[in-house]
Amino acid sequence: MSARLIIVGPPGAGKGTQAGRIADAFGIPAVSTGDIFRKNVAEGTPLGVQAKAIMDAGDYVPDSLTNELVKSRLNEADAENGFLLDGYPRTVGQVEYLDALLAEQGTGIDAVIQLVADQDELVGRLLKRAEEQGRSDDNEETIRRRQQVYTEQTAPIVSAYGARGLVVDVDGLGGIDEVGDRIQAALSSRGLPAAV
Ligand SMILES: Nc1ncnc2c1ncn2[C@@H]1O[C@H](COP(=O)(O)OP(=O)(O)O)[C@@H](O)[C@H]1O
Ligand SMILES: [Mg+2]
């Protein structure tokens with residue numbers, strides 16, 4: 001079924017893992033700006049060269065770059081009937097940009113899934129991921145910085161979507177299937193049934 005969804009939550013909340021499951025369940029692409037930036041860094045593209053130092057510091061890539069990237073991704077054919085955004089929008093400017101982009105299409109966001117988790121618990125998860133995946137922004141200093149940036153810049157965008165009645169809160173602590181079941185229940189209750 002068509003669905004235009006956003007998943008938000010602090011670094012390490014499990015967005016990427018759940019995003020893949022939700023996208024499969026709805027037959028829509030999961031679009032992760034973090035993954036797209038990391039791919040560009042790995043391939044040494046001009047965008048990757050610009051983004052690398054910013055990402056390694058735990059800061060946000062400028063909206064101008066991020067917005068263009070998302071626009072071209074959402075214009076691809078597979079996103080015509082919907083998408084799940086992971087890691088975007090992350091700033092008020094990105095929310096405004098996305099609103100305008102979707103308004104042009106005559107569409108809009110159906111739901112924002114907020115994975116809720118205690119940030120101190122998540123530091124341990126991220127340090128473990130650093131050992132497994134070797135992400136260069138998963139050291140303790142950068143993790144704390146990313147958490148701070150999240151609280152300052154991204155938490156407010158949840159309030160903006162909340163004011164529109166779009167936010168569904170899901171407890172992000174627990175096993176992958178357990179959290180998936182909670183997401184499924186939350187989306188079903190909003191008229192978006194799918195086997196997550
Ligand atoms: N929407 C965005 N706006 C600005 N920077 C972004 C955005 N998405 C990703 N980035 C950059 O990529 C980094 C990693 O993002 P991501 O993989 O989504 O982190 P996580 O899933 O661990 O929260 C961010 O710290 C930031 O530098
Ligand atoms: Mg992620």
Side-chain angles (χ1 to χ4, degrees), residues 2-20 22-23 26 28-115 135-138 142-143 145-168:
S2 114
R4 291 179 177 79
L5 305 171
I6 296 170
I7 188 163
V8 293
K15 296 183 296 292
T17 305
Q18 296 299 335
I22 300 163
F26 284 92
I28 54 178
V31 174
S32 158
T33 44
D35 286 351
I36 297 172
F37 285 133
R38 276 186 289 281
K39 186 162 177 276
N40 277 275
V41 170
E43 291 171 356
T45 67
L47 175 67
V49 171
Q50 284 193 71
K52 183 172 179 8
I54 300 170
M55 294 173 72
D56 285 349
D59 290 322
Y60 285 168
V61 175
D63 282 358
S64 53
L65 289 179
T66 310
N67 286 335
E68 284 304 315
L69 180 114
V70 169
K71 181 183 182 179
S72 61
R73 179 64 188 88
L74 295 188
N75 278 330
E76 286 177 37
D78 65 341
E80 205 174 331
N81 285 318
F83 49 77
L84 170 64
L85 292 170
D86 162 13
Y88 183 93
R90 257 179 158 108
T91 66
V92 172
Q94 292 176 14
V95 172
E96 289 167 358
Y97 184 87
L98 180 64
D99 280 344
L101 193 67
L102 297 181
E104 267 174 39
Q105 300 182 350
T107 64
I109 295 299
D110 296 308
V112 176
I113 303 153
Q114 173 168 228
L115 281 184
R135 261 180 60 164
S136 58
D137 59 352
D138 277 347
T142 307
I143 290 167
R145 173 69 190 152
R146 283 160 56 209
Q147 290 186 326
Q148 185 195 353
V149 174
Y150 180 83
T151 304
E152 287 171 5
Q153 303 214 38
T154 302
I157 75 136
V158 180
S159 318
Y161 284 117
R164 301 184 206 170
L166 290 176
V167 178
V168 292

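The structure displayed is predicted, hence computed values, not measured ones.
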Report yes if the side chains of [X] and [Y] come closer than 4.5 Å at any heavy-atom pair, otherwise no.
{"X": "Ser32", "Y": "Lys15", "result": "no"}
{"X": "Thr107", "Y": "Glu80", "result": "no"}
{"X": "Ile36", "Y": "Val70", "result": "no"}
{"X": "Pro11", "Y": "Val149", "result": "no"}
{"X": "Leu98", "Y": "Leu85", "result": "yes"}

Please name the pair of heavy atoms, one in [X] and one in [Y], separated by the smallest distance, quoted to 0.1 Å.
{"X": "Ala19", "Y": "Ala30", "answer": "O-CB, 4.0 Å"}
{"X": "Tyr150", "Y": "Val158", "answer": "OH-CG2, 4.4 Å"}
{"X": "Ala79", "Y": "Pro29", "answer": "CA-CG, 4.1 Å"}
{"X": "Leu101", "Y": "Leu74", "answer": "CD2-CD1, 4.1 Å"}
{"X": "Tyr88", "Y": "Thr66", "answer": "CD1-CG2, 3.7 Å"}

Walk me through it: do Arg146 and Asp138 pass the test side-chain contact (heavy atoms from CB on, under 4.5 Å)? CA-CA 9 Å; Arg146 283 160 56 209; Asp138 277 347; 2.8 Å; yes
Side-chain donor-acceptor contact under 3.5 Å, Asn81 with Ser2: no
Counting only N and O atoms by type, is there a donor-acceptor contact under 3.5 Å from the side chain of [X] to the main-chain atoms of [Y]?
{"X": "Asp35", "Y": "Val31", "result": "no"}
{"X": "Thr154", "Y": "Arg90", "result": "yes"}
{"X": "Asp110", "Y": "Leu5", "result": "no"}
{"X": "Thr151", "Y": "Gln147", "result": "yes"}

Under 4.0 Å between a Lys/Arg side-chain N and an Asp/Glu carboxylate O for Arg145 and Asp56? no
Ion pair present between Arg73 and Asp78, side-chain N to carboxylate O less than 4.0 angstrom? yes
To the nearest 0.5 Å, what is the distance between NZ on Lys52 and OG1 on Thr45? 12.5 Å
Check the pair Arg164 / Asp99 against side-chain contact (heavy atoms from CB on, under 4.5 Å), numbers first and verdict last. CA-CA 12 Å; Arg164 301 184 206 170; Asp99 280 344; 2.7 Å; yes
Just do the side-chain contact (heavy atoms from CB on, under 4.5 Å) check on Tyr60 and Thr91 with the steps written out, would you? CA-CA 9 Å; Tyr60 285 168; Thr91 66; 3.8 Å; yes
